[in-house]
Amino acid sequence: MKNLLKAMLFLGAALPASADTALVIGTQDASSTVQTSHSHRVLEAVDPLSEAGFVVYNAQDPKATQILSLFSDVIAVGEEDRLIIILSGRFVNFGGNTWYLGRFAGPVDLGHVSGAGLPVNLVLDYVASISANTIVMLAPDNQLIPVGDGLEAGLGEIDVPNGVTVVSGNPWSISRLAGRELLTPGRPLRRALNATSGLNVLSVHQPNISFVDAPVTTPTIPEGDQSYWDAMSTLDNVFAYRAYLNRYPDGYYAAEAYARIAVFNAVVDEPTPEEVENDLGLSRNQKRDIQRDLSVLGHYSSGIDGLFGPGSRGGIREWQSANGLEITGYLDAAQITRLHDQAEVRRIQIQAEDRAYWRQTGRGQDIAGLRAYLDRYPNGEFSELARNRLSQMEHAAAEPQAWQDALAANTISAYREFLEDYPDSPRRPQALNRIDALQASGASWQQAEDQDTIQAYRDYIADNPNSPHVQEARTRIAAIRADNQAWRDARDTGTNLAYAEYLDAYPQGRHVSDAWDQLVANAATDSAMGEMNPIQRQLAARGLYRSGIMQGPPPYSEAMTIVGLRLYQRAVGIPNSGIMDQRTIADMTIRGYLLN
């Protein structure tokens, strides 16, 4: 922004000043849904300003580049006497920066706002750098356009430089101020502002000086009036000025006599609290210090950003009330010193209380004391030390339970996780031993699984009574026994139904091949033998393989095919014919087993 200002100043440095200068812009965004923009009302001030002798640079609905060009033209003038800048339309802000947007800005976001309009901070920095008596007037106009990410609509918090008058308000009020009230010759600025409703005065410079001087005339003064005034004004006291008024009640110097009497007798017009604070020229860092002091004293809880918004003003009013001062929300030099002194005393008290409580809670020797200290002083002098110690103590206190959890899990990963969390634990050798034992147990378990016999599992349990696989070994022994018993029952019964029920119960059983052998042998005398043609057998083989009834791919013998069909028909609940009849073909087709 400073580089842009330097560039503008460079471009305009060679042009001399002539008349007073004004910049008046009213803009309605092209994206606005408002039928009639009020922002154009400020342009009604153009003719009165021109008639008052101002050279007016003005535009209605310019785009961003045109706004910057107009501002550059104003800079090039190099105005040294009077300058008025009026910006009416859309404003957006972020972090203490405000932009005045051009016609085609639309729903602009933070990443693109720099090219969408004129930075208000740039305008204020410029007018603060010149000697001209300048008034900046801002007229925000709600045009019902959303803003993009990172921005807020409106002016936001504006940090006005010293020596600059800035007012904001609706376009009607700004137009009235610029085109009427401000142009009355000899009228003090304060009276012009007070005569205009709907204004928000952000900062005022030289409020008792008129913006437009009263016309200068050369009077004709009677000789007696002049000589008597010269004598009385030399005495310069109330009695002399009253003597002048007694002799010349309507004399040329009557108004000045009354004014001098008022100076002697009247109370001096005091500046407003806002003016007093503005005259201090507080920097942003100084404002941060004030916010910190208010926070220490319990009168402010927002961010320490050096911007005096509603929170800061409310905190100042609260502090003034607590100290029996006039509640204005603005500070003078004496109040700032008093506030800082109180805050320093409170900081010392807080530090003493902090250290006393640290001692009272045991100087961080136990978990309860550390937690109590951090609850009261989360940002205290010993807070970082307390957090570190608390973390270490809580970690150490959790070790016994962590070891019990590892023992309960009794896995290599559980013991390794324990060692990662507690590398210096006295239980480290025990954990390593258990890892070695489990690794050895794992090899034994693999060997038992490979053999997959009751005796192999029994040997494993005997050799590894604490292994996590013991229960699984017992479960497998029970499963093998149940499988063997089921096969013995089927074999003792000796019927095709018994063998089929065994296959239903144990499709992966140890005696599946024996059951199939019995069924195939029995099929030699099955009534379905010879009832299927080659095409039926081919279809049956395809369907049986795809359904999973047959474990290996075709071809199958006729007896195996008959056995498979009877198992399939029994499983799906259709007549158990043992041949590839229409019902079986339809069922396999519906299930997709016969489709290519």
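Note that the numbering runs from 1 along the sequence shown for the chain. Atoms considered below: every heavy atom in the structure, side chains included; atoms not considered: hydrogens, waters and symmetry mates.
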Closest non-hydrogen atom pair between Leu199 and Leu193, with its separation:
CD1-O, 3.9 Å
Side-chain (Ser72) to main-chain (Leu68) donor-acceptor, under 3.5 angstrom:
no
Looking at Pro378, is its backbone amide N or carbonyl O close enough to the side chain of Arg387 to form a donor-acceptor pair, meaning the two atoms are under 3.5 Å apart?
yes
Using only atom types and a distance under 3.5 Å, with no angle test, would you say the side chain of His395 pairs donor to acceptor with the backbone of Asp421?
yes
CG-CD1 distance between Leu43 and Ile86, expressed to the nearest 0.5 angstrom
9.0 Å
Can you confirm if the NZ or CZ of Lys63 lies within 45° of the ring axis of Phe104 and under 6.0 Å from the centre of its six-membered ring?
no
For the residue pair Arg247 and Tyr228, would you count it as a cation-pi contact if the rule is NZ or CZ under 6.0 angstrom from the ring centre and within 45 degrees of the ring axis?
yes
Main chain of Glu318, side chain of Ser321: is a donor-acceptor contact present, judged purely on distance under 3.5 Å?
no
Any non-hydrogen side-chain atom of Ile158 less than 4.5 Å from a side-chain atom of Leu138?
yes
Using every non-hydrogen atom in the two residues, find where Thr27 and Gly102 come nearest and quote the distance to one decimal.
CG2-C, 3.9 Å
Approximate separation, where rounding is to 0.5 Å, of Arg288 CZ and Ile304 CD1
9.5 Å
Polar contact flag, side-chain donor to acceptor under 3.5 angstrom, Tyr300-Asp293
no
Ion pair Glu353/Arg346, N-O distance below 4.0 Å:
yes
Is any side-chain heavy atom of Asp20 less than 4.5 Å from a side-chain heavy atom of Glu79?
yes
Among Glu274, Glu277, Glu157, salt bridge (charged side-chain N to carboxylate O under 4.0 Å, His left out) partner for Arg313:
Glu277
Looking at Phe91 versus Trp99, is the centre-to-centre ring distance below 6.0 Å?
no
At their closest point, which heavy atom of Ala195 faces which heavy atom of Arg176, and how far apart are they?
O-NE, 3.8 Å
Taking atom types as modelled, is there a side-chain donor on Gln335 or Gln320 under 3.5 Å from an acceptor on the other?
yes
Separation of Phe54 CZ from Leu83 CG (nearest 0.5 Å)
8.5 Å
CG (Leu177) and CD1 (Ile84) are apart, to the nearest 0.5 Å, by 8.0 Å
Using only heavy-atom distances, determine whether the side chains of Arg191 and Asn194 contain a donor-acceptor pair under 3.5 Å.
no
I need the single residue from Tyr253, Tyr248, Trp229, Tyr258 that forms a ring-ring contact (aromatic ring centres under 6.0 Å, His included) with Tyr241. Which is it?
Trp229
Taking every heavy atom of Ile145 against every heavy atom of Pro107, the minimum-distance pair comes out as CG2-N, 4.1 Å
Does Glu152 reach the main-chain N or O of Phe94 with its side chain, forming a donor-acceptor pair under 3.5 Å?
no
To the closest 0.5 Å, what do you measure between CE (Met393) and CG (Asn388)?
11.5 Å
Non-hydrogen atoms of Asn323 and Gln342 that approach each other most closely:
OD1-NE2, 2.6 Å
Give, for atom OG of Ser88 and atom NE2 of His40, the distance between the pair rounded to the nearest 0.5 Å.
8.0 Å
Donor-acceptor pair, Arg284 side chain versus Asp305 backbone, under 3.5 Å?
yes
Can you confirm whether Ile209 sits close enough to Leu189 that some side-chain heavy atom of one is under 4.5 Å from a side-chain heavy atom of the other?
no
Please report the closest heavy-atom contact between Ala240 and Leu235, naming both atoms and the distance.
CB-CB, 3.8 Å
With a 3.5 Å cut-off and no angle check, do the side chains of Glu275 and Tyr330 form a donor-acceptor pair?
no
Within 45 degrees of the ring normal and closer than 6.0 Å to the centroid, is that where the cationic atom of Arg376 sits relative to Tyr357?
yes
Taking Thr98 for the side chain and Leu155 for the main chain, is one N or O donor matched with an acceptor at less than 3.5 Å?
yes
Examine the side chains of Ser32 and Asp29 and answer whether a donor and an acceptor come within less than 3.5 Å of each other.
no
Main-chain N/O of Ser301 paired to Ser295 side chain as donor or acceptor, under 3.5 Å
no
Would you say the side-chain atoms of Asn58 pair up with the backbone N or O of Val24, donor to acceptor, closer than 3.5 Å?
no
Indicate the ring-plane relationship of Tyr126 and Phe71, choosing parallel, tilted or perpendicular according to the 30° and 60° boundaries.
perpendicular
Flag, side chain of Thr134 to backbone of Ala132, donor-acceptor distance under 3.5 Å:
yes
